[in-house]
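Throughout, a chain's letter reflects where its sequence line sits, starting with A, and its residues are numbered from 1.
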4 protein chains.
Amino acid sequence: MSNKIFDAILTQAITKVKTEKQQKIVESAIQLFAEKGYSNTSTAEIAKASGVSEGTIFKHYGTKDKLLLSVILPFVSELFPYMAQELIKKTMSENTTTFEQFLRSLIKDRVEFVTENREIFQIVVKEIVYKDELKKELLPYALANIPPIFKKVLEEFRERGELVDLPADKILKNLVTFLGGFFVSRFLLIDDFNVSEEEIEDAIQFVMNGLRNPQNNALE
Amino acid sequence: MSNKIFDAILTQAITKVKTEKQQKIVESAIQLFAEKGYSNTSTAEIAKASGVSEGTIFKHYGTKDKLLLSVILPFVSELFPYMAQELIKKTMSENTTTFEQFLRSLIKDRVEFVTENREIFQIVVKEIVYKDELKKELLPYALANIPPIFKKVLEEFRERGELVDLPADKILKNLVTFLGGFFVSRFLLIDDFNVSEEEIEDAIQFVMNGLRNPQNNALE
Amino acid sequence: MSNKIFDAILTQAITKVKTEKQQKIVESAIQLFAEKGYSNTSTAEIAKASGVSEGTIFKHYGTKDKLLLSVILPFVSELFPYMAQELIKKTMSENTTTFEQFLRSLIKDRVEFVTENREIFQIVVKEIVYKDELKKELLPYALANIPPIFKKVLEEFRERGELVDLPADKILKNLVTFLGGFFVSRFLLIDDFNVSEEEIEDAIQFVMNGLRNPQNNALE
Amino acid sequence: MSNKIFDAILTQAITKVKTEKQQKIVESAIQLFAEKGYSNTSTAEIAKASGVSEGTIFKHYGTKDKLLLSVILPFVSELFPYMAQELIKKTMSENTTTFEQFLRSLIKDRVEFVTENREIFQIVVKEIVYKDELKKELLPYALANIPPIFKKVLEEFRERGELVDLPADKILKNLVTFLGGFFVSRFLLIDDFNVSEEEIEDAIQFVMNGLRNPQNNALE
DNA sequence: GATGAATGAGAATTCATTCAT
DNA sequence: TATGAATGAATTCTCATTCAT
């Protein structure tokens with residue numbers, strides 16, 4: 001997020017002391033954006049939902065766009081760097097000596113995080129899918145931050161002999177595809193209020209072993 | 001799609017002879033909706049892009065909403081039932097005696113189909129993600145059509161001893177999660193102009209075998 | 001007016017066939033802008049005054065700014081080139097053998113023109129004074145068109161021995177200062193409905209006895 | 001300026017002790033009004049430019065309109081009466097025995113004054129041109145104060161045989177037209193940072209040779 | 001069937017002004 | 001005295017939709 005405006009909005013959103021009304025504006029905005037999407041939510045609705053005049057919204061956030069960013073940026077800016085740090089920590093930690101343990105820990109941790117921030121997660125995904133500008137800002141940022149570290153982790157585990165003998169790139173691609181599908185389907189398509197332990201275990205088994213019957217080794 | 005309006009629009013969209021202008025309207029609408037999203041595309045833009053007056057659009061489609069459905073419905077109404085049929089056919093076909101072959105055939109076939117209809121695919125996904133009403137209409141429809149047949153297919157292959165010994169439900173969930181992630185990431189997030197054979201093979205290997213090193217059988 | 005947008009608006013304003021409502025919009029805009037100034041006139045007022053919905057105004061003119069230009073540009077684009085042509089014609093004409101005759105003819109002609117377009121004249125002057133952007137567009141344009149030709153004319157008359165022996169630049173500056181003051185004071189400050197012959201003659205005498213070569217005593 | 005509100009604002013603006021913040025408010029207001037015009041300057045801008053809260057502005061000045069008057073009135077109320085006094089003094093003074101000397105002295109003095117108060121001059125002219133209400137207040141006031149005294153002065157000089165044999169009214173009209181054009185063009189249209197001696201002399205020569213009695217050939 | 005002028009409801013945004021602290 | 005949060009009316013502008021031709 002090299003963009004200066006982004007930085008300005010972010011620091012303001014995080015550091016600035018918020019009045020009660022501002023709190024309510026952000027809360028209402030989060031709820032409405034998550035539910036109906038940014039484009040289908042009017043500032044009048046937000047104002048009404050938060051018991052505030054429209055003027056107040058613009059006094060504090062300038063434009064509807066900046067309001068969206070004020071909601072999104074703290075989330076994404078926490079999501080990714082945090083992930084990066086945790087990835088490394090988990091790899092090294094004693095509790096995650098195997099890749100499977102690492103994966104379990106990662107999924108559980110992110111499920112918890114997204115569960116807590118379900119609505120913002122929905123907004124982010126919806127707008128990345130819908131607003132080209134946002135996609136163009138956020139996607140490169142995400143791609144620049146996560147994959148490199150993830151790849152290192154994967155290489156580490158592969159060297160330990162735990163992973164299939166494929167380039168880390170390829171492993172990463174499929175893993176991210178599955179995890180992306182997992183989070184989006186659970187937290188956006190089906191508004192699943194809690195992802196069960198069992199479901200997580202099933203996912204882990206799928207990632208680790210695939211669908212092939214282990215007894216049936218006749219590779220084609 | 002129990003909805004009568006849907007049916008009416010659908011039959012009209014499919015059966016009715018289209019004038020040249022109507023063709024252009026639909027083409028332009030598809031392109032613009034795919035690019036900018038339904039909410040961010042005005043009828044004025046569509047009119048301009050298709051070299052037609054705004055009046056004409058409404059003469060033919062009544063409302064902007066119906067225009068969207070005229071674009072989407074033929075696609076989804078073809079996509080899902082067709083898939084169902086093919087699924088069965090493929091399972092039974094001689095060329096797809098193994099699950100892996102079945103999977104390969106399925107993915108290739110759908111990649112081809114979505115590649116050809118990339119823009120409508122993008123519209124459908126975007127609006128399912130964005131418009132709750134559409135999600136509520138299409139998702140149940142899709143869930144009612146695909147999973148049951150898919151489950152049958154999976155059970156068939158499991159009985160043949162090719163698949164891991166888990167309930168078809170669980171297998172299905174993870175498989176769909178991955179395939180959903182695959183198509184959305186390739187055709188929507190990254191506007192990939194052609195998905196390579198290699199990429200497909202990698203995906204198949206991932207689904208079939210997972211990430212675990214086959215040499216390392218130390219199950220935890 | 002090198003600006004492309006200006007050209008586009010100008011040609012559209014001149015060539016495009018106007019509906020009755022458009023006529024009324026322009027008429028009302030002219031009257032209100034002249035009376036209250038552009039900044040102090042709302043599009044709602046214009047809509048009301050012209051018996052049209054606000055939407056219609058924007059359908060035709062896009063923005064309030066473009067409406068202003070649609071009103072102003074035909075006037076200025078006619079005013080200056082026309083002036084240039086006339087200036088030369090008058091100098092050469094037999095009826096204007098002396099500078100005084102030339103001056104009289106010029107003033108009368110422009111008085112007539114501005115009298116007919118009094119309101120637009122007021123708008124132009126007001127906005128040049130008030131809107132920096134417009135001043136920056138229009139002033140250089142005016143300065144590039146009028147002075148050079150004017151200077152030639154002055155030099156011609158000076159060579160004929162009719163004018164004081166000063167650089168044409170200096171003569172021009174003072175002449176324009178006076179004429180500018182004349183038109184602005186009569187048509188803007190005091191909303192004078194008709195400038196009398198007598199007043200014009202007084203002005204001419206004022207100017208002449210300043211510019212006339214004292215050696216040249218041949219009073220007409 | 002018969003208006004009581006005007007008087008109240010004026011006396012307050014002149015007599016009341018100003019806090020530092022008030023000083024800054026007025027300074028910023030002057031600068032912004034001069035640059036962008038009253039209508040195009042928001043109180044928020046003024047607040048920001050002067051490092052003061054918006055509340056403070058309204059605490060002190062009540063309305064934006066009154067702030068404008070607080071800026072303008074001290075200027076005009078000083079400008080005109082002062083001019084009147086000076087006019088008489090100059091006529092009688094020994095240094096200004098001729099009309100030309102009087103004119104030179106007058107122009108130089110006013111050029112100096114306006115140079116020092118360039119911004120307020122710009123505000124006054126802009127708003128007189130733009131705001132009908134202000135024009136209706138100030139113009140009659142100016143017309144009631146200046147012309148009568150000016151006329152007396154002109155009559156005095158005419159009786160001395162220095163001026164052309166025309167009614168003082170007519171002389172005045174053309175003189176004011178030229179001087180008005182002079183000040184407005186130099187200090188508003190072209191933001192001339194200093195009007196040169198030479199330019200002033202040229203203007204005087206222009207005026208003199210129009211007004212000077214041709215029988216009176218005693219050039220200074 | 002096609003046009004395009006016209007609409008009016010609503011969208012985002014601005015702004016002078018008020019008021020509790 | 002000074003603040004700045006809050007307001008609501010007004011402003012520019014958008015847009016799906018209607019309708020006479």
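Residue A/Ser53 places at least one side-chain N or O under 4.0 Å from the OP1 or OP2 atom of F/dT7. When the side-chain nitrogen and oxygen atoms of C/His60 are compared with OP1 and OP2 of E/dG4, none of them lie within a distance under 4.0 Å. The side chain of C/Thr19 contributes an N or O atom lying less than 4.0 Å from OP1 or OP2 of E/dA6. Neither OP1 nor OP2 of F/dA10 sits under 4.0 Å from any side-chain N or O of C/Ser42. For the OP1/OP2 pair of E/dT3 and a distance below 4.0 Å, the side-chain nitrogens and oxygens of B/Thr56 include at least one atom meeting the criterion. For the OP1/OP2 pair of E/dC19 and a distance below 4.0 Å, the side-chain nitrogens and oxygens of D/Lys59 include no atom meeting the criterion. A/Lys21 has a side-chain polar atom (N or O) that falls below the 4.0 Å cut-off from OP1 or OP2 of F/dT7.
What separates CG of C/Asn40 from C1' of F/dT11 is a distance of 13 Å, to the nearest Å. Rounding to whole angstrom units, CG of residue D/Leu32 and C1' of E/dC15 are separated by 15 Å. When the P atom of E/dC15 is taken as reference, atom CG of D/Leu67 falls 16 Å away, rounded to whole Å. Rounded to an integer number of Å, the gap from CZ of A/Phe58 to C1' of E/dA12 is 5 Å. Spacing between atom CD of A/Glu20 and atom C1' of E/dA20 amounts to 14 Å, rounded to whole angstrom units. In this structure, the NZ atom of A/Lys18 is 13 Å from the P atom of F/dA6, given to the nearest Å. In this structure, OH of A/Tyr61 is placed 11 Å from P of F/dA5, rounded to the nearest angstrom. Note: CD1 (B/Ile46) to P (F/dA16) measures 8 Å, nearest angstrom.
Residue order along DNA chain E, read from the 5' end via each residue's closest nucleotide, puts B/Val52 first among B/Val52 and C/Ile57. Between A/Gln22 and B/Gly55, the one whose closest nucleotide on DNA chain F sits nearer the 5' end is A/Gln22.
The rotation axes computed at either terminus of the helix from E/dA2-F/dT21 to E/dT21-F/dA2 lie 10° apart, taking five pairs at each end and rounding to 10 degrees.
Counting any heavy atom pair closer than 4.0 Å across all strands shown, C/Thr41 reaches sugar-phosphate atoms only and no base atom.
Here the OG-NZ distance, from A/Ser28 to A/Lys21, works out to 11.5 Å after rounding to the nearest 0.5 Å.
Remark: side-chain polar atoms of C/Thr41 are paired, donor with acceptor, to backbone N or O of C/Gly37 under 3.5 angstrom.
Among the nucleotides E/dA16, F/dA16, F/dA2, the one closest to any side-chain atom of B/Thr43 is F/dA16.
The side-chain heavy atoms of A/Pro74 and A/Leu10, taken from C-beta on, include a pair separated by under 4.5 Å.
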Practice prompt. Output, in order, the C-alpha distance, side-chain angles, deciding distance and verdict of side-chain contact (heavy atoms from CB on, under 4.5 Å) for D/Glu35 and D/Asn40.
Written response: CA-CA 9 Å; D/Glu35 193 186 318; D/Asn40 300 326; over 6 Å; no
Worksheet item: What do the steps show when you test D/Tyr130 against C/Glu127 for side-chain hydrogen bond (donor to acceptor under 3.5 Å, both in side chains), and what is the final call?
Response: CA-CA 8 Å; D/Tyr130 217 71; C/Glu127 297 311 323; 2.6 Å; yes
Discussion item. Under the criterion side-chain contact (heavy atoms from CB on, under 4.5 Å), I'd like the reasoning laid out for B/Phe75 against B/Ile123: C-alpha separation, chi angles, the key distance, then a yes or no.
Written reply: CA-CA 10 Å; B/Phe75 177 82; B/Ile123 298 173; over 6 Å; no
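Salt bridge present: A/Glu45 and A/Lys36 bring a charged side-chain N and a carboxylate O closer than 4.0 Å.
Looking at A/Tyr38 and A/Asp65, their side chains do bring a donor and an acceptor atom within 3.5 Å of each other.
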